[in-house]
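Comments concern the structure below.
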Amino acid sequence: MQKDIQNKYDLLVVGAGAAGLMAAGIAANKGVKVLVLEKMPRPAIKLRITGKGRCNLTNAAPLLEFMDHFGRNGRFLRQAFIHFFSDELVTFFESIGVKTGIERGGRVFPLSNSAKEIVDALEKWAKQNGAKIMLNTKVVGLLAEEAKMQGVRMRNKNVKTGTFAIYAKAVLIATGGKSYPATGSTGDGYWLAQSVGHTIIPILPALVPLETAGETARKLQGLSLKNIKVILWINNKKHEEQFGEMLFTHFGLSGPVILTVSKHVSFALKESQQVEISIDLKPALSEEKLDARLLRDLNEHGKMKMHSLLKLLLPQKMISVCLELTGIPPDKLANQVSAQERKKLRTWLKDFRLQIKSNRPFKEAIITAGGVDTKEVDPRTMQSKLVQGLYFAGEILDIDADTGGFNLQAAFSTGWVAANAVAEDRKKNLLT
Ligand SMILES: Cc1cc2nc3c(=O)[nH]c(=O)nc-3n(C[C@H](O)[C@H](O)[C@H](O)COP(=O)(O)OP(=O)(O)OC[C@H]3O[C@@H](n4cnc5c(N)ncnc54)[C@H](O)[C@@H]3O)c2cc1C
């Protein structure tokens, strides 16, 4: 039978993801005795699939713009970013042998285009600094006494005889969110935090594809649109708009602009609000300019049937959908299109509406919105304000951002801050 482990470590890191590995390496480098507990057979499985396997590790945007990408909770990260931001992260990765480059939209990727390179380098560096990593080990409970951390209770896959305790004065919860659970991020950190009194802001899938009502999206599946504007309508009020790319799927909508608006969609649907997505297929043209363009096309190609003429305006796959929704007969000659029909066509091109019936589940969400209430966490140290010696880093916190490398920077920065705070406590002999 496995025995409990007493006072061998200063810091237990729960989760060997982006935040956990960064924290483990930094703390170990400063002399903290660190043990990382990871329930999966390999560390950082999610990090390996980030950025479609290329890992968009951060973004070159300046601080204020960067924080804006987190919405209402961006301010919580200010302190962390002031100390360890994108420049520091890039320099750090260079120091461990990973060269990076900046791409469109300020997105930073490793030059190798390999997320695996990032994981391998991080793991090697953390171990070289002295951090130990115990795999196949799931933390199943926190041990706290009189609002002070004492350790954790865990279960190891290779040890058949139940759970055992491991004692340490500092515990960092870096268990991630609840999205893509096959990577190990199954939301354990939420109930662990709750068990010692923390408030969890209700969690929702974010950066997630959306399901539409009816058959329209399915008819367009596989079609990707570039340079379009998407407007999110909630209860018939314009909520936000985004420019860029999107994709039709067998269930509805996906692609960058859809993922960006999806968090607000998840919130609205949860409150049973009515949600619609409007696609402006011609965002560069005002209604007047578009009308002039339509008039010209219809006059210049008067003998053309509408299903052929629309090739000048739309991708092939959209033509039958457009004709069906506007009620224009496919075989009608262009010079017979009435002013009323032209208006319908113009309106549809600027406002192709789809009703959203649901968001896809956590297992398809890039990120989890909600989490440990940041009001209960000190932004300068990531330490719990409720339990001494308990720290949080990464997606477990109630922070989430757009795509573009912002989420990983938040995980690395908060891990870095927590590790430095633990190292400071060790210097002050607070961990013995
Ligand atoms: C498909 C996909 C692509 C993405 N691409 C990008 C991108 O390019 N750029 C970007 O910025 N963000 C991206 N993200 C988001 C980013 O991956 C996460 O925000 C980030 O990984 C969060 O880091 P973390 O350390 O907090 O958690 P995670 O990386 O989720 O790590 C948590 C770890 O904790 C372990 N764990 C959980 N519970 C326990 C327990 N009870 N005991 C022990 N271990 C436990 C898990 O197994 C896991 O290894 C992507 C996400 C997905 C799903």
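Index from 1, following the sequence. One-based numbering, in listed order, for ligands and for the atoms of each. Below, each value reflects all heavy atoms present in this structure, side chains not excepted, and no hydrogens, waters or symmetry copies.
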* Only counting residues at least two apart or in another chain, list the ones meeting ring-ring contact (aromatic ring centres under 6.0 Å, His included) with His69. =>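 Partners of His69 by the ring-ring contact (aromatic ring centres under 6.0 Å, His included) criterion, ordered by chain and then number, come out as Phe406.
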
* Apply the ring pair (Phe, Tyr, Trp, His ring centres under 6.0 Å) test between Phe92 and each candidate in Trp125, Trp416, Phe412; give the one that qualifies. =>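 The residue from Trp125, Trp416, Phe412 that satisfies ring pair (Phe, Tyr, Trp, His ring centres under 6.0 Å) with Phe92 turns out to be Trp125.
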
* Asked: In order of chain and number, which residues sit within 4.0 Å of ligand 1 by heavy atom?
  ->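 Lining ligand 1 at under 4.0 Å, by heavy atoms, one finds Val14, Gly15, Gly17, Ala18, Ala19, Leu37, Glu38, Lys39, Met40, Lys46, Ile49, Thr50, Gly51, Asn56, Thr137, Lys138, Val139, Ala174, Thr175, Gly176, Tyr180, Thr183, Gly184, Ser185, Asp188, Ile366, Ile367, Gly394, Glu395, Gly405, Phe406, Asn407, Leu408, Ala411.
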
* **Pairs touching residues 196-210 that satisfy salt bridge (charged side-chain N to carboxylate O under 4.0 Å, His left out), sequence neighbours left out** =>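 Qualifying pairs, neighbours excluded: none.
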
* To do: Please work out which of the three classes, parallel, tilted or perpendicular, describes the rings of Phe81 and Phe85, given edges at 30° and 60°.
  =>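 Aromatic pair Phe85/Phe81 classed tilted.
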
Donor-acceptor pairs under 3.5 angstrom involving side-chain atoms of residues 171-184: please list them, not counting sequence neighbours.
{"residue": "Thr175", "atom": "OG1", "partner": "Gly189", "partner atom": "N", "Å": "3.4"}
{"residue": "Ser179", "atom": "OG", "partner": "Ala365", "partner atom": "O", "Å": "3.4"}
{"residue": "Ser179", "atom": "OG", "partner": "Thr368", "partner atom": "OG1", "Å": "3.2"}
{"residue": "Thr183", "atom": "OG1", "partner": "Tyr180", "partner atom": "O", "Å": "2.7"}
{"residue": "Thr183", "atom": "OG1", "partner": "Ser185", "partner atom": "OG", "Å": "3.4"}

* Establish, for the pair Arg155 and Phe164, whether the NZ or CZ atom is under 6.0 angstrom from the six-membered ring centre and no further than 45 degrees off its axis. =>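 No, Arg155 does not sit over the ring of Phe164.
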
